[in-house]
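Below is one structure, written out as structure tokens, with a few remarks after it.
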There are 2 protein chains.
Amino acid sequence: MRRVTVSAQDVADLAGVSRAAVSRTFTPGASVSAETRAKVHAAADRLGYHVNHLARGLIRSETGLVALIASEINTPYRAKLLAALTMRLQEAGKVALLINTDRSDDSVEQALRRAISYRTDAAVVLSGMPPLSLAETCLQYGMRLVLINRDELRPGSLRISLDEQGAGRQAFSVLVAAGCRRLALATSKAGTPSLTGREAGFLAAARDAGLQPVVEARGLTNYQTGLDIGTNLMTRTDRPDGIFCTTDQIACGVLDAVRHRFNVEVPRQLSLIGFDDIAQAEWESYNLTTFRQPVEEIADEAVRWLATDAQNPVGTVCPHAKLIWRGTVRQGGKPA
Amino acid sequence: MRRVTVSAQDVADLAGVSRAAVSRTFTPGASVSAETRAKVHAAADRLGYHVNHLARGLIRSETGLVALIASEINTPYRAKLLAALTMRLQEAGKVALLINTDRSDDSVEQALRRAISYRTDAAVVLSGMPPLSLAETCLQYGMRLVLINRDELRPGSLRISLDEQGAGRQAFSVLVAAGCRRLALATSKAGTPSLTGREAGFLAAARDAGLQPVVEARGLTNYQTGLDIGTNLMTRTDRPDGIFCTTDQIACGVLDAVRHRFNVEVPRQLSLIGFDDIAQAEWESYNLTTFRQPVEEIADEAVRWLATDAQNPVGTVCPHAKLIWRGTVRQGGKPA
DNA sequence: CTGAAAGCGCTTACAG
DNA sequence: CTGAAAGCGCTTACAG
């Protein structure tokens, strides 16, 4: 089939006006008489005309495109964040270019290059870290960079990072306040900034208190890992009575292992805290006490900066991960 | 900050070649001498040059952009499908424009208009249905349309739809073979093509067998709905002993209600089948027998057609939803 | 308010 | 293999 594309010129011809008039009609705020506008709209509708944003993006300094760079997008937490981000972006009149990566920095670099190729107004990085030189190329092309839960910063970029360490510390205090004495940390081997932050905070607080939790770090950041860790932990002679899981998925796995394979009662015999507050954390089988990722707030912060004229971001902004009390921590942990 | 964008001309100047030579260097298959190519690459790297795909898209008949139009993208099944789709798309050298919609047809129309504005090579619709006239506009702009699990067809579009009715019928036979006598259907009020197909198949098979299942249809397609339905069903004097849930999320809700609120044993006292095979279906707390959505196959089919020169799609292709046997259906249901 | 003209960054016949 | 030139569809000063 031949591509029979209709251009502003076609609309102008049909409406009996100039190409410029057509352009102005579709540019909010441009000065066109009501009459001209009406003629143009009529012609455009009849022809099925849609402004070519590619051509527009060639001229204006904005394309309306924003790249979202992330790995494992079908993971509950990622999907939630992505949903919030795409929503906010659309409300701001932008559209999301979703670029999948694996966990390697190399694939992040490829993703960012694609973003540059399409001259996206910004790139939001949820996974991996772009090399410094490429970040500078982005800057040079006028792109804005938003780094979510990354540990480093890049010049001219906005970094949105939770206080992971603080959350890890809080997890420790809560478990101790709940009467737990034999603590454990359940995490994966992924070593992402978010995870290591939570781990570090938990361990540091324990050290300060003169305690040394059992650390189980294995596999990928998923349910299966939780299952493995739970099984391992319960096989020990000194079973822990308080576990901080760096992720809800891991927590769900630990919970299932502990309950179904060892008949341990939660929270009577074991208290457990997760992180993320994925949808399943609220499901009755888990009813997990966990830290809520402030995804809406993260998305808001990101899009707010993109929608602003301010060239220089504030540097780092830290939304708060709030502890959501549900049923996996024994009474006593919760303050009055 | 001024946008200091580097163009092919800049690279050409630095490399001492023509603009056309630069263009050819970045066009796979174009004829350039090794020497020229090397000079161009050197200059491009030094300048941080990236071909402007917007400008390229203006000239070529392809932009490399494909729109993914979907609602509720943070739902386990949707996220899974979206992940598969974006992956395949990238492997085929395309990049996904993710456009969020609510369930209304109007928002699908808006989404499709955005896709047209960016001259995407194709639009993959996972939610809602584009009006016929707009579908024709897409065709006119040379866009391809892929409709996933939609009930209608659009001219020139590819439709990928499971045999929902067949699955519904199979669910019925399996429950009956497992010895269930009082059947129920648990579904939402969403009324999407997938859901109504499953419902219709199940009910038709029951009718053929002279049975009349209890039908519980309420709320949105989510966990909470399952919880409500499970509670309602167990409050009846004639509790069902076999339930087909049109979605895994609903099934998980039903399971939790039934077990935790009524102490019903699954599958001893009640058999239950879901649909989708979301990650949680495999979690030990659920261990749900369910139909697996062939997401990889769906993504393959979609991308295969997009990557092809064939203008006319086959019409409808029907990947098979396979029943995954796990622990929520009593022995007897499963064939040897 | 309106139109003619220049220009955004590219690709692609067309000659050589 | 290579370059000069035309053109993709738009927007935006610039005059009027």
Side-chain angles (χ1 to χ4, degrees), chain A residues 2-41 43-44 47-65 116-121 140-142, chain B residues 2-41 43-44 47-65 116-121 140-142:
Chain A
R2 282 275 294 105
R3 191 175 185 128
V4 193
T5 185
V6 16
S7 75
Q9 187 63 66
D10 300 323
V11 177
D13 291 347
L14 180 60
V17 299
S18 72
R19 202 154 87 241
V22 176
S23 175
R24 289 192 188 101
T25 298
F26 292 102
T27 301
S31 67
V32 221
S33 69
E35 195 192 356
T36 303
R37 179 182 297 276
K39 282 192 292 189
V40 170
H41 269 132
L47 263 27
Y49 173 70
H50 288 75
V51 174
N52 186 331
H53 276 65
L54 264 32
R56 176 178 276 182
L58 215 48
I59 304 201
R60 298 232 255 246
S61 59
E62 293 185 335
T63 57
L65 260 18
I116 296 176
S117 293
Y118 284 100
R119 300 299 189 266
T120 60
D121 297 334
Q140 161 190 340
Y141 276 100
Chain B
R2 282 275 294 107
R3 190 174 186 128
V4 193
T5 185
V6 16
S7 74
Q9 187 63 65
D10 300 322
V11 177
D13 291 347
L14 180 61
V17 299
S18 72
R19 202 155 85 242
V22 176
S23 174
R24 289 191 187 99
T25 299
F26 292 103
T27 300
S31 68
V32 220
S33 69
E35 195 193 355
T36 303
R37 178 182 298 276
K39 280 192 293 189
V40 170
H41 269 132
L47 262 27
Y49 173 69
H50 288 74
V51 175
N52 187 331
H53 277 63
L54 264 32
R56 175 178 275 182
L58 214 48
I59 304 200
R60 298 232 254 245
S61 59
E62 293 185 336
T63 57
L65 259 20
I116 297 176
S117 292
Y118 284 100
R119 300 298 188 265
T120 60
D121 297 335
Q140 161 190 338
Y141 276 100

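In what follows, every heavy atom counts, from backbone to side chain, and hydrogens, waters and symmetry copies are set aside. Please read all numbers here as calculations on a predicted model, not as lab measurements. Numbers restart at 1 for each chain; the letters A, B, ... are given by sequence-line order, proteins then strands.
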A/Ser33 side chain near C/dT2 phosphate (N/O to OP1/OP2, under 4.0 Å): yes

Phosphate-side-chain proximity, B/Ser31 and D/dT2, N/O vs OP1/OP2 below 4.0 Å: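 No, because none of the side-chain N or O atoms of B/Ser31 sits under 4.0 Å from OP1 or OP2 of D/dT2.
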
Sequence-aligned protein contact record of nucleotides 8-16 of chain D, with B where the base is within under 4.0 Å of a protein heavy atom and S where only the sugar-phosphate is: BBBBBB---

Using modelled atom types and a 3.5 Å cut-off, is there a donor and acceptor pairing between side-chain atoms of [X] and backbone atoms of [Y]?
X        : Y       : value
A/Tyr141 : B/Gly48 : yes
B/Asp121 : B/Glu62 : no
B/Thr63  : B/Gly57 : no
A/Thr27  : A/Ser23 : yes

Nucleotide forming a Watson-Crick or wobble pair with C/dA15, both distances under 3.5 Å: D/dT2

Test of ring centre spacing under 6.0 Å for B/His41 and B/Phe26: yes

